[in-house]
K.L.:
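The structure follows.
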Amino acid sequence: SGGDRVLVAVAQLLKGLLRRDDIVSRIGGGMFGVLLPGADAVDAQAACARVVGALGALGEGSEAGPLTASAGIAQLAHSADASLRDAELALLA
């Protein structure tokens with residue numbers, strides 16, 4: 001389906017924009033999580049800017065229009081669930 005093709009394209013784009021050791025995972029729906037081992041806040045912000053910009057450009061010129069993306073950044077906490085929750089709160093802020 002069209003939605004599946006978009007998810008595959010986004011996953012490939014993420015892998016191409018991030019470092020070899022970064023870990024990309026689909027969380028659910030159209031949400032992806034990325035672990036950036038050894039990255040500091042500046043590195044994480046730069047990675048987010050690259051991804052959001054590239055995703056916006058991905059659909060330009062298509063009938064569907066550009067894709068939109070948002071990103072939240074959080075440090076890895078004592079659990080993956082807590083880190084994901086922190087990143088989602090950062091996204092909403």
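Computed from a predicted model, the values in this text were never measured in an experiment.
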K.L.:
With a 4.5 Å heavy-atom cut-off, do Asp43 and Leu36 have their side chains touching?
P.N.:
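Contact flag for Asp43/Leu36 side chains = no.
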K.L.:
Given the rule that I, L, V, M, F, W and Y join up when any side-chain heavy atoms are under 4.5 Å apart, are Val6 and Val52 in one cluster?
P.N.:
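No; tracing contacts between hydrophobic side chains, which count when under 4.5 Å, never links both residues.
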K.L.:
Kindly compute the distance separating CG (Leu13) from CG (Leu18), expressed to the nearest 0.5 Å.
P.N.:
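Result: 8.5 Å between the selected atoms.
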K.L.:
Please find the pair of heavy atoms, one from Leu7 and one from Phe32, that lie closest to each other, and give the distance.
P.N.:
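Of all heavy-atom pairs spanning Leu7 and Phe32, the closest is O-CZ, 3.8 Å.
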K.L.:
Could you report the tightest heavy-atom contact between Ser83 and Ala74, atom names first, then the distance?
P.N.:
O-CB, 3.7 Å
K.L.:
Does any pair with a residue in residues 84-93 pass salt bridge (Lys or Arg N to Asp or Glu O under 4.0 Å), and if so which ones, sequence neighbours excluded?
P.N.:
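Pairs touching residues 84-93 that pass the test: none.
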K.L.:
Does Arg26 use its side chain to pair, donor to acceptor, with the backbone of Gly29 at less than 3.5 Å?
P.N.:
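Yes, because the side chain of Arg26 sits within donor-acceptor range (under 3.5 Å) of the backbone of Gly29.
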K.L.:
Looking only at heavy atoms, which two atoms of Leu91 and Ala71 are closest? And how far apart?
P.N.:
CD1-N, 3.4 Å
K.L.:
Can you tell me how far NZ of Lys15 sits from CZ of Arg20, rounded to the nearest 0.5 angstrom?
P.N.:
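Here the rounded value is 11.0 Å.
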K.L.:
Side chain to side chain contact (heavy atoms under 4.5 Å, CB included) with Val24: which of Val51, Leu14, Leu35?
P.N.:
Leu14
K.L.:
For Asp22, what residues pass the side chain to side chain donor-acceptor pair (under 3.5 Å) criterion, not counting sequence neighbours?
P.N.:
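Once residues adjacent in sequence are excluded, the partners of Asp22 under the side chain to side chain donor-acceptor pair (under 3.5 Å) criterion are Arg19.
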K.L.:
Would you say Asp21 has more than 12 foreign heavy atoms packed within less than 6.0 Å of its CG?
P.N.:
no
